[in-house]
There are 2 protein chains.
Amino acid sequence: MTALNIALIHHPVMNKRGEVIGSAVTNLDIHDIARTAKTYGVSHYFITTPYEDQQHLVRELLAHWLTGPGATYNPARKEALSIVQLADSLEEVVSNLTEQYGVRPLIVATSALLRDNTVSYADLGQRITKGEPVLLLFGTAHGLAPEILQLTDVTLPPIRGGTEYNHLSVRSATSIIIDRLLGS
Amino acid sequence: MTALNIALIHHPVMNKRGEVIGSAVTNLDIHDIARTAKTYGVSHYFITTPYEDQQHLVRELLAHWLTGPGATYNPARKEALSIVQLADSLEEVVSNLTEQYGVRPLIVATSALLRDNTVSYADLGQRITKGEPVLLLFGTAHGLAPEILQLTDVTLPPIRGGTEYNHLSVRSATSIIIDRLLGS
């Protein structure tokens with residue numbers, strides 16, 4: 001396991017009109033991102049949502065794969081989902097990790113836009129490899145809201161693929177970013 | 001646009017018991033992989049299935065986003081899905097591309113297992129950048145069947161993340177592989 005932790009933020013995030021909203025949990029975000037995270041030794045994958053009905057859905061899904069019929073049907077899926085945790089808010093994630101590590105983790109935003117105070121993939125990867133606790137944030141819908149960005153220390157540059165097209169799914173962006181940080 | 005083309009193979013592929021099967025088309029495989037492909041300038045994304053009912057589903061989905069209500073609701077999605085094409089088989093894909101380029105493309109397998117005759121990500125990326133037509137194959141279910149592998153020229157090494165866990169989704173694997181080939 002590495003010192004990398006990730007959180008998928010469902011509130012507060014932006015919609016296509018630039019308004020702050022909460023988004024619904026997507027089943028495949030949980031599965032795909034947990035599988036990628038487990039592949040690269042991510043320690044915890046937090047699903048962050050304040051909505052009780054959405055938390056209930058996540059708990060049901062996790063119960064199916066961790067202790068229900070899914071656990072014997074697909075043990076590899078159980079292994080991936082074992083690093084998933086629910087959280088009400090970013091503040092709860094940070095407080096949880098601060099308690100575990102004894103220090104507040106470096107909080108890193110990801111964004112489809114170029115922002116100030118960027119850290120390169122190579123530098124951040126080295127810091128994680130050296131054991132510095134890092135929390136990497138991914139936004140659902142149209143990205144992290146300003147009140148989340150205010151709590152972050154640095155931002156990774158956007159992923160660009162040599163074209164003008166800039167609409168990766170959060171599942172794809174997460175996979176590419178974790179591979180850039182920890183892949184060899 | 002680059003000289004890279006990709007195909008997602010739904011038949012013949014392997015199931016968890018090592019038997020040759022055909023898999024069902026997954027909605028999010030079409031969307032996520034098209035968005036990644038468009039980001040990196042992939043020329044064509046072939047959905048390969050011999051099943052008429054599955055082809056019908058894909059045609060309906062494409063019609064919704066390319067010419068139906070989806071086209072105005074989300075023009076960026078229309079742009080991504082505009083590179084998607086249906087094909088009955090790998091043979092049809094190869095014949096289509098050979099006609100377009102005037103030469104048979106280099107056919108490259110991807111696999112979660114290490115195979116003979118590998119090409120490195122750096123080497124293949126350079127060949128694509130220099131304009132050599134390449135067709136990259138991704139298997140659904142538990143991967144490409146032997147009869148597909150027999151038709152390939154080279155194989156990319158498996159993606160490993162420094163752990164023993166080796167169960168990426170095909171959506172994640174596709175994103176990571178295309179980024180390794182064409183990302184900067």
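Predicted model only: the values in this text are computed from it and were never measured.
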- Message: Is B:L28 close to chain A through its backbone or its side chain, or both, or neither, when contacts mean heavy atoms under 4.5 Å?
- Response: side chain

- Task: Would you name the heavy atoms of A:R171 and B:R35 that are closest together and state the gap between them?
- Result: NH2-NH1, 4.4 Å

- For B:D179, is it the side chain, the backbone, both, or neither that has a heavy atom closer than 4.5 Å to a heavy atom of chain A? side chain

- Item | Side-chain (B:Y165) to main-chain (A:A76) donor-acceptor, under 3.5 angstrom | yes

- Query: Is there a donor in the side chain of B:S175 and an acceptor in the side chain of A:S175, or the other way round, less than 3.5 Å apart?
  - Reply: no

- Would you give the length of the straight line joining atom OH of B:Y73 to atom NZ of A:K16, rounded to the nearest 0.5 angstrom? 4.5 Å

- Message: Assigning hydrophobic clusters by single linkage (Ile, Leu, Val, Met, Phe, Trp, Tyr; side-chain heavy-atom cutoff under 4.5 Å), is B:V134 placed with B:V93?
- Response: no

- Message: Let me confirm one number: the OG1-CD1 distance from A:T36 to B:I176, rounded to the nearest 0.5 Å.
- Response: 5.0 Å

- Query: Do A:M1 and A:L181 belong to the same hydrophobic cluster, where Ile, Leu, Val, Met, Phe, Trp and Tyr are linked whenever their side-chain heavy atoms lie under 4.5 Å apart, directly or via other members?
  - Reply: no

- Task: Might you confirm whether atom CD of B:E147 has over 12 heavy atoms from other residues, nucleotides or ligands at distances under 6.0 Å?
- Result: yes

- Query: In terms of hydrophobic clusters joined by side-chain contacts under 4.5 Å, are B:I83 and B:F46 together?
  - Reply: no

- Item | Which portion of B:R77 sits near chain A, non-hydrogen atoms under 4.5 angstrom | backbone

- Query: Linking I/L/V/M/F/W/Y whenever their side-chain heavy atoms sit closer than 4.5 Å, directly or via other members, would B:M14 and B:L168 fall into one cluster?
  - Reply: no

- Assess whether atom CG of B:N117 is packed by more than 12 heavy atoms of other residues, nucleotides or ligands within 6.0 Å. yes

- Message: Between A:A80 and chain B, with a heavy-atom cut-off of 4.5 Å, which part of the residue counts as in contact: side chain, backbone, both or neither?
- Response: both

- Task: Below 4.5 Å from any heavy atom of chain A, which atoms of B:A173 appear? Answer side chain, backbone, both or neither.
- Result: neither

- Interface residue of largest heavy-atom contact number with chain B, from A:R180, A:E164, A:H31, A:E79, under 4.5 Å: A:R180

- State yes or no: do B:V154 and B:I107 share one hydrophobic cluster built from I, L, V, M, F, W and Y residues joined by side-chain heavy-atom distances below 4.5 Å, directly or via other members? no

- A:E99 CD: over 12 foreign heavy atoms closer than 6.0 Å: no

- Got a donor-acceptor contact below 3.5 angstrom from the B:T163 side chain to the A:T39 backbone? yes

